[in-house]
Amino acid sequence: MSREMVVRIGLLGFGTIGSSVYRLIEKEHDNILDGTGVDLQVVKVLEQDSRKIPQDAAPGVFTADFSEIADDPSIDIVVEVIGGTDWAYTFLDEAMRKGKNVVTANKQLLASKGRALFDLARDLRRHLRFEASVAGAIPIIKVMRESMIAAELHTVYGIVNGTTNYILTRMYNGEGDYPEILAKAQELGYAEAEPTADVGGGDAAAKMAILGSIAFHSRVTLSDVAYEGIQDVSQEDVRYAKDLGFVVKLIGAARLVDGRVSVRVYPALLPQEHPLAAISGSHNAVFLQGESIGEIMLMGPGAGGVPTATAVVSDIVSIANTKDVGFLQSCSCYRSLDFYPADEMESAFFIKVNVEDRSGVLAQIAAVFGTHGVSVASLIQKGQGDEAELVLITHPTKEKNFFAAIEQVRRLPSCKNEPMTLRVL
Ligand code: HSE
């Protein structure tokens, strides 16, 4: 390289991701310098917890005072990896106002308060980069914003939560039911001690809000995403789905339907031959469909310190190599599209329900479905007598019609439990 450019970094947070960014920059420093001419230097690290400060840290690098970073005019880029939506927002806002470009891995922040930060970045002509906020090491933001610029994306399906994919994979392999696999995952460190954001679908919803915004160039915030988790999915559901040729996955689905946006997260049955069905364990994958591309899928590690750090470092080097902020500076939401009502969406469904095993019961259920225009594609009866369990798959139908039919089925005297329903992709 003919010219070297020193890039001074202020790192906010020294947890799993922050410490990995720090170490990865140390490790890759010379390669990045040789390859790009960018001389990366982490000059300040904000960390309140003194126990996290490494023994070998140079004096004066670690600080508990954000103003030492914000007010240091020699710092070019501030990297936020502290998480949360309060301090992280304040720090990024102030950093941009004080002349710094910023990188964040914080999906909850962008999905809830992204508009104000992106607007500020645009007004001040700062870079606000966020590759690490979705799917860890998978370069999905770069691919969607740059490589897909002419692709006219209309559908993004994602397996964007590793914890739930790990749990569902083990259930599919017959290794236990949801509570025991979750407990085991927590013991091994694959699931958080407080797992609600992951198993309840909120983590995936924030990521899908970001992907939906990029795909359709129209702002999607977390509150626009209807989401469900996997807490009610049993090993039996997964086994019945498997018997019928399906895999159960927590799916993020962002779609453009008749010019309107729909972004949702739910556990769903996928045909075993669908490319996403093969994504096992804690891996993530994003499956894109567009007018000009047909289908593209990216898969890889969606979490973990070092994989996520690779995405952070790529953003830093990209900022350093981009002279003007250009179209990559912040948000690509130049449209303002309406949302498609969830109950107007069409889906096929899996239903599992316990019924009395006597003549006429099936006819009653079929009649209810018929009244609501729900057509049954396949049906299996498991067991007999009081234990009779019906497992049905419907053809695609309007969701509001389907749920009206289910409401009526659950009120039939012959229906003996709460029907379990899952969408079929
Ligand atoms: N907890 C997330 C997951 C990773 O399980 O995929 C961070 O978003």
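Indexing begins at 1, ligand by ligand and atom by atom, following the structure's order. Each residue takes its place number in the sequence, starting with 1.
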Just to be sure I read this right, does ligand 1 sit under 4.0 Å from the backbone of [X], its side chain, both, or neither, counting only heavy atoms?
{"X": "D203", "value": "side chain"}
{"X": "E192", "value": "neither"}
{"X": "D198", "value": "side chain"}

Pull out every atom of ligand 1 sitting under 4.0 Å from any heavy atom of [X], numbered as shown with elements.
{"X": "K207", "value": "2 (C), 4 (C), 6 (O), 7 (C), 8 (O)"}
{"X": "N161", "value": "2 (C), 3 (C), 5 (O), 6 (O)"}
{"X": "K107", "value": "7 (C), 8 (O)"}

May I ask you to say whether [X] pairs ionically with [Y], meaning some side-chain N is under 4.0 Å from a carboxylate O?
{"X": "R97", "Y": "D93", "answer": "yes"}
{"X": "K113", "Y": "D86", "answer": "yes"}
{"X": "D119", "Y": "R115", "answer": "no"}

re atom 5 (O) of ligand 1, the protein heavy-atom contact at minimum distance is T163 OG1, 2.6 Å
Please report which non-hydrogen protein atom sits nearest to atom 4 (C) of ligand 1, along with the residue it belongs to and the distance in Å to one decimal place. A303 CB, 3.6 Å
Do L24 and S20 have side chains that get closer than 4.5 Å, going by heavy atoms? no
Mind checking whether V313 and T310 have side chains closer than 4.5 Å, heavy atoms only? no
According to the side-chain hydrogen bond (donor to acceptor under 3.5 Å, both in side chains) rule, which pairs have a member within residues 181-193, sequence neighbours left out? none
Identify the heavy atoms of V263 and V220 that sit nearest to each other, and give their distance. CG2-CG1, 3.9 Å
Would G162 count as a polar contact of ligand 1, with the cut-off being nitrogen or oxygen pairs under 3.5 Å? yes
